[in-house]
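These notes are about the structure you will find just below.
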Amino acid sequence: MTSKQQHRFKRILKAIGLSVNVGVAILTLSAAYGGTIDPATTPAGAIMAMTFPMFLLVTLLLLAINLMTLINAISLMLCISPILTFCPLNFFRPDMHEIQELDRPTFKLMTYNVLGLQDLTRHNDQAIDGNTTISYILREEPDIVMLQEGHGITSGGQNLNITRQQHQDLLHIYRHHHIDSHGMGILSKYPVTPMEMKSDDIPGLDAHRYDIRIDGHTIHLINVHMQSIGLTRHDKDVYVNITEGDTPDQMTEIRHGILHKLAEAFRARALQAKALRADIESLEGTVLLCGDFNDIPGCYASRVIAGGDMTDAYRQAGIGPAITYHADKLYFRIDQIFYRGRLNALRAWTGDCKSSDHYPLMCIFEITP
């Protein structure tokens with residue numbers, strides 16, 4: 001190859017490298033801020049937002065191999081806020097000993113979709129003494145547990161492997177509890193008053209409000225379970241096949257079906273989020289909203305609910321990326337905690353109990369002066 005040909009070849013490689021890096025930068029920015037687009041306008045932004053971790057990883061890889069470093073660095077700088085929402089870096093958050101030494105009141109909150117107290121780790125021929133999910137809650141002993149799909153948790157239920165001792169312990173620790181017929185509810189060490197919400201009649205949304213007093217201070221607690229995607233067992237199997245590199249027949253038709261369900265769920269959650277935001281704005285003082293959003297951090301619904309005054313507790317007090325849904329290889333943080341008022345999130349983390357398809361999300365709060 002002559003020197004002229006070598007020069008031309010290098011120019012072509014450089015042009016290809018530039019195109020790839022610019023393309024990745026555009027896609028990364030689109031994914032980072034896809035959650036700002038109302039799904040009623042187009043669901044494309046919400047779908048792009050789900051790909052943000054992937055494009056973030058690609059950008060970091062390109063940066064590591066030093067291809068067009070400036071482009072990669074600029075795209076990362078422009079994405080710093082979505083990055084910290086996805087992967088908080090609170091290295092200097094207080095440890096448990098420091099929290100115990102505080103002279104201000106604190107409480108531990110758990111939000112947990114318990115899957116009707118089923119146990120995904122239990123095999124049909126395996127005998128387990130007691131319900132695994134309840135054992136985990138009793139071991140962690142949060143001050144407040146916000147439940148989704150908590151059918152039978154205080155009544156004892158049927159065929160849930162709940163022992164009499166577990167039932168007694170649960171009711172002894174959590175003397176204040178309210179669970180509705182949908183499994184939405186609260187277990188609390190503090191007195192609780194159920195309150196009405198305007199968003200109760202929004203289709204596909206379960207939302208309940210409880211007023212609770214801690215150290216003489218009233219906190220408005222809102223427990224939510226937002227619209228699910230509604231994937232069938234077949235849809236989930238298709239997704240697993242895709243992640244494993246398999247390509248079943250009629251894959252295009254099936255993918256379009258899944259994307260349609262995603263789009264409809266995004267639109268439904270957008271409407272639900274606006275109704276919840278109206279409820280939040282009607283309240284004065286301290287508000288804490290949490291539950292199963294069925295959507296990722298930074299999504300449109302989360303942004304609407306947060307408004308300009310609610311803080312993401314995991315972003316404020318968590319560290320690293322987190323997963324709260326772990327079934328069917330759908331590894332996302334879809335459970336969220338937001339708050340405003342006389343609260344400060346000190347330490348947030350996910351649990352490790354695998355009996356439900358969700359991990360619990362926990363946070364220790366202090367009540368500020």
Side-chain angles (χ1 to χ4, degrees), residues 96-97 99-100 105-194 206 208-215 219 221 223-225 288 290-292 322-327 335 337 346-365:
M96 296 304 294
H97 177 72
I99 291 173
Q100 291 170 0
T106 63
F107 65 91
K108 179 179 177 181
L109 174 86
M110 172 189 285
T111 178
Y112 198 3
N113 184 322
V114 296
L115 192 63
L117 295 179
Q118 297 179 52
D119 189 348
L120 299 181
T121 66
R122 181 185 182 188
H123 302 293
N124 292 332
D125 59 347
Q126 182 181 16
I128 299 177
D129 184 20
N131 184 277
T132 304
T133 300
I134 291 182
S135 292
Y136 186 81
I137 293 173
L138 291 172
R139 186 166 66 250
E140 287 289 334
E141 199 179 331
D143 298 297
I144 303 167
V145 185
M146 302 290 258
L147 294 164
Q148 304 89 42
E149 299 187 30
H151 314 82
I153 197 165
T154 55
S155 64
Q158 295 181 348
N159 303 319
L160 295 175
N161 203 37
I162 302 173
T163 67
R164 183 174 182 178
Q165 187 63 53
Q166 282 184 318
H167 190 232
Q168 291 176 345
D169 290 345
L170 196 72
L171 296 184
H172 175 72
I173 295 171
Y174 300 107
R175 297 181 183 276
H176 309 281
H177 50 266
H178 296 270
I179 313 292
D180 74 1
S181 60
H182 295 162
M184 293 288 291
I186 183 172
L187 307 175
S188 174
K189 296 180 181 180
Y190 306 98
V192 172
T193 304
D206 271 328
H208 296 271
R209 174 185 152 204
Y210 315 93
D211 281 1
I212 187 169
R213 286 189 67 81
I214 302 177
D215 197 51
I219 301 173
L221 295 171
N223 184 23
V224 303
H225 191 181
L288 195 159
C290 65
D292 180 0
I323 294 168
T324 61
Y325 189 87
H326 61 86
D335 300 83
I337 303 173
L346 298 174
R347 191 174 184 89
W349 70 100
T350 57
D352 58 2
C353 182
K354 294 186 176 181
S355 52
S356 170
D357 52 359
H358 288 245
Y359 292 124
L361 179 61
M362 290 172 276
C363 185
I364 297 177
F365 288 94

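- The distance from atom CG of D292 to atom NE2 of H358, rounded to the nearest 0.5 Å, is 4.0 Å.
- In this structure, a donor-acceptor pair under 3.5 Å is absent between the side chains of Q100 and T106.
- No side-chain donor from either of H208 and N223 sits under 3.5 Å from a side-chain acceptor of the other.
- Heavy-atom minimum distance, A327 versus D357: CB-CB, 3.8 Å.
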Query raised in the report: Please walk me through it: do M184 and Q148 pass side chain to side chain contact (heavy atoms under 4.5 Å, CB included)?
Result: CA-CA 5 Å; M184 293 288 291; Q148 304 89 42; 3.9 Å; yes
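- Between L115 and S356, the closest heavy-atom pair is CB-OG, 3.5 Å.
- Remark: side-chain polar atoms of K108 are paired, donor with acceptor, to backbone N or O of E140 under 3.5 angstrom.
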Test side chain to side chain contact (heavy atoms under 4.5 Å, CB included) on Y136 and D352 and set out the steps.
-> CA-CA 9 Å; Y136 186 81; D352 58 2; 3.4 Å; yes
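- A heavy-atom distance below 4.5 Å is not found between the side chains of M110 and L187.
- Put simply, the side chain of F365 reaches to within 4.5 Å of the side chain of I337, judged on heavy atoms.
- Here the closest heavy-atom approach between residue W349 and residue L361 is recorded as O-CD1, 3.5 Å.
- Nearest heavy-atom pair across Y190 and R213 is CB-O, 3.9 Å.
- Applying the side-chain contact (heavy atoms from CB on, under 4.5 Å) criterion to P191, with sequence neighbours excluded, gives H176.
- With T133 contributing its side chain and S355 its backbone, the two residues share no donor-acceptor pair below 3.5 Å.
- Between atom CE of residue M362 and atom SG of residue C290 there is a gap of 12.5 Å, rounded to the nearest 0.5 Å.
- Every residue two or more places apart in sequence or in another chain was checked for a ring-ring contact (aromatic ring centres under 6.0 Å, His included) with Y210, and none qualifies.
- Taken to the nearest 0.5 Å, the CD1 atom of I153 stands 9.5 Å off from the CG atom of L160.
- Considering all non-hydrogen atoms of both residues, P194 and V192 come closest at CD-O, 3.8 Å.
- Remark: the backbone N or O of V224 is not paired with any side-chain donor or acceptor of D206 at under 3.5 angstrom.
- A donor-acceptor pair shorter than 3.5 Å can be found between the side chains of T132 and D119.
- When all heavy atoms are compared, the tightest approach of I144 to S188 is CG1-OG, 4.2 Å.
- In this structure a side-chain-to-backbone donor-acceptor pair under 3.5 Å is missing from Q166 to I134.
- Sorted by first then second residue, the salt bridge (charged side-chain N to carboxylate O under 4.0 Å, His left out) pairs that include residues 166-193, not counting sequence neighbours, are E141-K189, D143-K189.
- In this structure, CD1 on I162 lies 7.0 Å from NE2 on H167, to the nearest 0.5 angstrom.
- Within the model, atoms OH of Y112 and OG1 of T324 stand 11.0 Å from one another, a figure rounded to the nearest 0.5 Å.
- Note: I212 CD1 to L221 CG = 5.5 Å, rounded to the nearest 0.5 Å.
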